[in-house]
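Side chains included, hydrogens not; waters and symmetry mates left out as well; all remaining heavy atoms used. Not measured: the values here are computed from a predicted model. Numbering of ligands and ligand atoms starts at 1, following listing order.
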Amino acid sequence: MLTKCLFPAAGYGTRFLPATKAMPKEMLPIVNKPLIQYGVEEAIEAGIHQIGFISGRGKRAVEDHFDISYELEHQIQGSSKENLLQEIRQVIDQCSFAYTRQIEMRGLGHAILTGEALVGRDPFAVLLADDFCVSDGPGVLAQMVRLFEEHACTVVAIEEVPRDATQNYGVIAGDEIAPGLFRVSEMVEKPAPADAPSNLAIIGRYILTPDIFDILRETPPGRGGEIQITDAIAKQAEHGRVLAFQFEGRRFDCGSLHGFVEATNFVYQTRFIGE
Ligand code: UTP
């Protein structure tokens, strides 16, 4: 049973400065809801209710968001605005929240290792809230949980990207064992297009088995001088214990200005127009 999900949110978010000067980019709203709330809702839909945040600066904004604001609630109680807080109240009621702080930004792998204290020796999910995903059916994490329950190994979500974009992603190679499902043989972090083993790129959804922590402890800094989760998962892949899954749905890279604006337009068009 998968019950825990880590949300790394300690990055500097430099592409969104000055908006991210005093708050993590995961608090940026897509229309009226912060990215991180969409992420937590996706975890809940996948049956996961123990939420762990790895934060850095701006930790308070995340903590306050997933807490009750007595003053605000008192003010709007009984008014037509009360229902605007209903969704976040439901999220808060369904989950437990734990926090830890990544003191030095040493990469996503290091951020996940920092979360070991919140996860213990259980398998767990990792969701990067700046990869905002939508789907008509079950959410991406719910699709991955189904696979994890069947195969009991690490699962990463992938999508096809243009060949000339591989240097922005971790890229996999592997055998397709079922439509859209690959047993990973190789993973490379941010390869130049000429060196990329495929155009199948890893996006910000992972289910990891807890041996990843022992591997991460031994993983030296890689690309960009950072401890890369891709390098650690590549070690698991050497033993055939990693699946990559082409999820159903659509991803917006909300870590980039372009993706963020696209997601905003998409959500506004599909969920707000006509209300
Ligand atoms: P990014 O590579 O998008 O970096 O991190 P960033 O710092 O957030 O953004 P830019 O490039 O400066 O604009 C991917 C994810 O990994 C987390 C980030 O919070 C983001 O969710 N992360 C990254 C950490 O938590 N710690 C790190 O040391 C690095």
Side-chain angles (χ1 to χ4, degrees), residues 5-30 34-40 42-43 51-63 65 97-119 124-133 140-141 156-159 161 165-171 187-191 201-206 208 212-213 216-217 219-233 251-263:
C5 185
L6 290 181
F7 288 79
Y12 289 123
T14 51
R15 284 169 286 177
F16 281 87
L17 283 170
T20 46
K21 184 163 176 261
M23 69 168 190
K25 72 175 168 196
E26 289 76 8
M27 282 303 294
L28 291 170
I30 299 296
L35 281 165
I36 200 143
Q37 185 180 334
Y38 287 104
V40 173
E42 188 181 322
I51 307 298
F53 295 109
I54 297 137
S55 52
R57 309 135 307 109
K59 177 178 140 105
R60 261 204 66 183
V62 178
E63 275 192 20
H65 188 71
F97 301 97
Y99 299 84
T100 189
R101 201 159 178 143
Q102 188 188 12
I103 309 278
E104 272 181 288
M105 300 309 118
R106 293 174 56 200
L108 180 57
H110 180 257
I112 292 171
L113 183 56
T114 306
E116 184 179 20
L118 307 180
V119 166
F124 61 100
V126 174
L127 193 153
L128 304 185
D130 51 350
D131 266 345
F132 171 68
C133 293
V140 177
L141 211 51
V156 299
I158 52 168
E159 71 173 10
V161 295
T166 55
Q167 69 277 11
N168 300 322
Y169 298 93
V171 175
M187 290 174 97
V188 191
E189 183 62 23
K190 299 190 169 67
I202 303 166
I203 65 133
R205 302 286 183 280
Y206 309 79
L208 299 169
I212 198 76
F213 293 125
L216 277 169
R217 259 186 286 281
T219 302
R223 188 112 197 167
E226 297 192 331
I227 297 175
Q228 300 288 353
I229 188 63
T230 310
D231 294 342
I233 300 174
R251 175 194 72 109
F252 296 90
D253 174 11
C254 290
S256 74
L257 297 180
H258 178 76
F260 183 81
V261 173
E262 262 195 341

| If you count only heavy atoms, which residues are under 4.0 Å from ligand 1? | P8, A9, A10, G11, Y12, G13, T14, R15, K25, E26, Q102, M105, R106, G107, L108, A111, D130
| request: Using a strict 4.0 Å threshold on nitrogen-to-oxygen distance, state whether R217 and E116 make a salt bridge. | output: yes
| task | Answer yes or no: are there more than 12 heavy-atom neighbours, outside R60 itself, under 6.0 Å from its atom CZ? | result | no
| All side chain to side chain donor-acceptor pair (under 3.5 Å) counterparts of Q167, not counting sequence neighbours | none
| task | Would you please classify the geometry between the F53 ring and the F7 ring as parallel, tilted or perpendicular, with 30° and 60° separating the classes? | result | tilted
| note | CD1 (I54) and CD (Q102) are apart, to the nearest 0.5 Å, by 7.5 Å
| remark: So OG of S55 and CE of M23: to nearest 0.5 Å the spacing works out to 14.5 Å
